Amino acid sequence: MNLRADGHLSRIGRAIAWIRSHPHQPVLVGDLAEIARMSSAAFYRHFKAATAMSPIQYQKQIRLLEARHLLIAQPGSVARVAFAVGYESASQFSREYARQFGSPPARDAARLLQKAKWQ
């Protein structure tokens, strides 16, 4: 891969920065490709090579990590957190969260908070 300031990794980095700063917004590969100044096909290929996941998978991971942080920092409604990080369905959020972290959101947050108390 090209490491120059205008190289592929730099361009992918701009798209990653956009995803990270807008985790709650829908991701369209075409829009990210424009940010990276690449065709959609080239962007997708280079993004996957750089991150080992698709842009949508990457955004999902960012959303779930942000949700986990919110559940610990501001305990409360799982649905509120789901909507805050960009999910339109609390049940879809709960399924994807459990798949990512091994337990439902409320249970995982309670476990992490309990673990933090003992450390």
Side-chain angles (χ1 to χ4, degrees):
M1 287 205 188
N2 191 341
L3 296 176
R4 296 176 307 156
D6 64 339
H8 298 301
L9 286 178
S10 175
R11 292 176 184 194
I12 296 300
R14 285 194 291 267
I16 287 172
W18 188 91
I19 293 170
R20 287 179 163 274
S21 65
H22 302 87
H24 57 283
Q25 293 183 2
V27 169
L28 299 174
V29 173
D31 293 344
L32 293 174
E34 283 183 31
I35 290 168
R37 293 182 297 137
M38 297 179 173
S39 70
S40 292
F43 171 76
Y44 189 89
R45 184 176 66 253
H46 289 292
F47 191 96
K48 193 147 185 169
T51 64
M53 59 185 83
S54 73
I56 303 302
Q57 291 169 323
Y58 185 83
Q59 182 195 42
K60 184 188 303 185
Q61 184 178 48
I62 295 299
R63 283 179 172 181
L64 292 171
L65 288 169
E66 176 64 16
R68 194 178 211 192
H69 171 77
L70 289 173
L71 287 166
I72 295 165
Q74 305 166 2
S77 166
V78 170
R80 178 188 53 80
V81 169
F83 298 129
V85 298
Y87 279 85
E88 295 179 11
S89 163
S91 61
Q92 178 187 4
F93 165 73
S94 292
R95 283 191 304 275
E96 291 181 5
Y97 188 100
R99 193 175 303 125
Q100 177 75 26
F101 298 116
S103 59
R107 189 180 320 152
D108 183 56
R111 179 186 63 79
L112 290 170
L113 285 168
Q114 185 65 28
K115 184 177 175 183
K117 286 181 184 178
W118 292 103
Q119 290 184 0

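Just so you know, these numbers come straight off a predicted model, no measurement behind them.
Residues Ser89 and Phe83 approach most closely at N-CE2, 4.1 Å, considering heavy atoms. Closest of all the heavy-atom pairs between Ala82 and Ala90 is CB-CA, 4.1 Å. Nearest heavy-atom pair, Gln25 versus Gln59, reported as atom, atom and distance to 0.1 Å: O-NE2, 2.5 Å. Considering every non-hydrogen atom in both Trp18 and Pro26, the closest pair reads CH2-O, 4.1 Å.
Asp108 has its side chain out of reach of Leu71: every pair of non-hydrogen atoms, C-beta onward, lies at least 4.5 Å apart. Side-chain contact between Ser94 and Val78 is present, with heavy atoms from C-beta onward closer than 4.5 Å. In this structure, Tyr58 and Arg20 have side chains that are in contact, with non-hydrogen atoms separated by less than 4.5 Å.
Not a single donor-acceptor pair under 3.5 Å links the side chain of Gln100 to the backbone N or O of Leu65. Under the 3.5 Å distance criterion, the side-chain polar atoms of Arg11 are matched with a main-chain donor or acceptor of Arg37.
Not counting sequence neighbours, the partners of Phe93 by the ring pair (Phe, Tyr, Trp, His ring centres under 6.0 Å) test are Tyr87, Tyr97. Applying the side chain to side chain donor-acceptor pair (under 3.5 Å) rule to Glu66 yields no partners; only residues at least two apart in sequence or on another chain are considered.
Using bins of under 30°, 30° to 60° and over 60° for the plane-to-plane angle, the ring pair Phe43/Phe47 lands in the tilted bin.
Residue Pro55 forms a side chain to side chain contact (heavy atoms under 4.5 Å, CB included) with just one option from Val29, Leu28, Ile12, Ile16, and that option is Val29.
Note on residues 73-90: no pairs pass salt bridge (Lys or Arg N to Asp or Glu O under 4.0 Å), not counting sequence neighbours.
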